[in-house]
**Q** 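If you scroll down you'll find the structure; I have some questions about it.
Atoms within each ligand, like the ligands themselves, are counted from 1 in listed order. Computed over heavy atoms, backbone and side chain alike; hydrogens, waters and symmetry mates excluded. For the single chain, residues carry numbers from 1 onward in sequence order.
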Amino acid sequence: MAIEVTTIPRHIAIIMDGNGRWATARGQSRATGHREGVRALRDIVEHAIRRGIHILTVFAFSSENWQRPRQEVSLLMDLFMNSLEEQVEALHHNGVRFTFIGERSAFPSKLQDAVERAERLTVANSVLRLIVAANYGGRWDIVRACRDLAGQVARGEMTAQQIDERLFPAYLNLATLPDPDLFIRTGGEQRVSNFVLWQLAYTELYFTDALWPDFRGDQLDQALAWYAQRQRRYGRTSEQVRDSQDA
Ligand code: IPE
Ligand code: IPE
Ligand code: MG
């Protein structure tokens, strides 16, 4: 009988959805929901550390979220800024390396500076890699990478033939990090909403009705238990997978 070395995912990607509905159901403002959402993220980061997860990529603000009412957008920017300033020391203390992915030039310059400071402060930490995706879109990421590569080919720095499935993702925002093993979306919707697209090719997809502010350690454990039951085949047969584990 094969012994699983580990069934804990190395990399989890989360769409933290449902803050607005959580608040509306309580007769509160969407702002309150987003604030509770930050609290949930703090808990999940701590729990992920306890469970030995190495990389956590969370979707905080999509390229499409700019279409929300101006007031909500600016509230989200303020919340991002304040939470970063409030949490960065604790993250650092816990050995978390903070990274941001997305088009950061669209953010207020104060926020860009805070992000850069947090990235610099935590760069040598290795307990957990926390990657926050904001003003991020999977399609934007892919197009950006294509543009980069096309530029290199045009300048004669590489040939078109050199571009293959191994080289291409190195030009995406997550670069050479391993693809997510487990994707979690809270809030009941079963869609990817333009989150990391290239990297989800073989990710296990977990959807839960729990709204993000309610998603805490015990719910993450449920997702981990579900993940542990999956057999990742990458196109092979179950028998082949079992045989390679027995070997
Ligand atoms: C997710 O919660 C947070 C962001 C998209 C910023 P929502 O704000 O989308 O919450 P619902 O989906 O409206 O409940
Ligand atoms: C996805 O949630 C983006 C984030 C959680 C940041 P949305 O609430 O924006 O997604 P849709 O619009 O329901 O697909
Ligand atoms: Mg939503």
**Q** Give the residue and atom name of whichever protein heavy atom lies nearest to atom 10 (O) of ligand 1, and the separation in Å to one decimal.
**A** G20 N, 2.9 Å
**Q** Number the atoms of ligand 1 from 1 as they appear, then name those within less than 4.0 Å of a heavy atom of R21, with their elements.
**A** 11 (P), 12 (O), 14 (O)
**Q** Which residue holds the protein heavy atom closest to atom 1 (C) of ligand 1, what is that atom called, and what is the gap in Å?
**A**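 Answer for atom 1 (C) of ligand 1: M16 O, 3.0 Å.
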**Q** Are the side chains of E204 and P9 in contact, using a 4.5 Å heavy-atom criterion?
**A** no
**Q** With a 4.5 Å limit on heavy-atom distance, are the side chains of V88 and F98 in contact?
**A**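 No. Closest side-chain heavy atoms not under 4.5 Å.
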**Q** Could you check whether E86 pairs with R42 (Lys NZ or Arg NE/NH1/NH2 to Asp/Glu carboxylate O, under 4.0 Å)?
**A**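 Judged by the 4.0 Å cut-off on N to carboxylate O distance, E86 and R42 do not form a salt bridge.
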**Q** Got I184 and F215 here, is their nearest side-chain heavy-atom distance under 4.5 Å?
**A**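 Contact flag for I184/F215 side chains = yes.
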**Q** Within less than 4.0 angstrom of ligand 1, does A60 place any heavy atom?
**A** yes
**Q** May I ask you to check whether D17 brings an N, O or S atom to under 2.8 Å from the Mg ion (ligand 3)?
**A** yes
**Q** Run the numbers for me: atoms of ligand 1, each under 4.0 Å from some heavy atom of H34, listed by number.
**A**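 Here the atoms of ligand 1 in question are 3 (C), 8 (O).
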**Q** I need the nearest protein heavy-atom contact for atom 14 (O) of ligand 2: residue, atom name and distance, please.
**A**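 I find the closest protein heavy atom is S193 OG, 2.6 Å.
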**Q** To the nearest 0.1 Å, how far is atom 13 (O) of ligand 1 from its closest protein heavy atom, and which atom is that?
**A**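 Scanning the protein heavy atoms, the shortest distance from atom 13 (O) of ligand 1 goes to R30 NH2, 3.1 Å.
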**Q** Among F183, F195, W212, which one satisfies side-chain contact (heavy atoms from CB on, under 4.5 Å) with I14?
**A**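 Per the side-chain contact (heavy atoms from CB on, under 4.5 Å) rule, the option paired with I14 is W212, out of F183, F195, W212.
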**Q** Flag F61 as yes when one of its N or O atoms lies below 3.5 Å from any N or O atom of ligand 1, and as no otherwise.
**A** no
**Q** Backbone, side chain, both or neither: what part of R68 comes under 4.0 angstrom of ligand 2, heavy atoms only?
**A**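 Under 4.0 Å from ligand 2, R68 contributes side-chain atoms alone.
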**Q** Just going by heavy-atom distances, which of E189, R185, R191 is nearest to atom 2 (O) of ligand 2?
**A**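 Of the listed residues, R185 has the closest heavy atom.
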**Q** Has G18 got any heavy atom lying under 4.0 angstrom from an atom of ligand 1?
**A** yes
**Q** Under a 4.0 angstrom heavy-atom cut-off, which atoms of ligand 2 come close to D17?
**A** 2 (O), 8 (O)
**Q** Quick one, L177 and Q199 - any side-chain contact, counting heavy atoms below 4.5 Å?
**A**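 Answer no - side chains too far apart.
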**Q** Mind checking whether F195 contacts ligand 2 via backbone (N, CA, C, O), side chain (CB onward), both or neither, at a 4.0 Å heavy-atom cut-off?
**A** neither
**Q** Could you tell me which atoms of ligand 2, counted from 1 in the order shown, lie closer than 4.0 angstrom to a heavy atom of I15?
**A** 1 (C), 5 (C)
**Q** Between R144 and D141, does any NZ, NE, NH1 or NH2 come within less than 4.0 Å of an OD or OE carboxylate oxygen?
**A** yes
**Q** Return the residue, atom name and 0.1 Å-rounded distance of the protein heavy atom closest to atom 9 (O) of ligand 2.
**A** N65 ND2, 2.9 Å
**Q** Show the numbers, then the answer: is there a side chain to side chain contact (heavy atoms under 4.5 Å, CB included) between N19 and E36?
**A** CA-CA 8 Å; N19 295 348; E36 282 302 314; over 6 Å; no
**Q** Using a 3.5 Å distance criterion without hydrogens, assess whether the side chain of E72 forms a donor-acceptor pair with backbone atoms of P69.
**A**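 Not a single qualifying donor-acceptor pair exists.
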**Q** Test W66 against N135 for side-chain hydrogen bond (donor to acceptor under 3.5 Å, both in side chains), laying out the working first.
**A** CA-CA 8 Å; W66 293 109; N135 195 17; 2.8 Å; yes
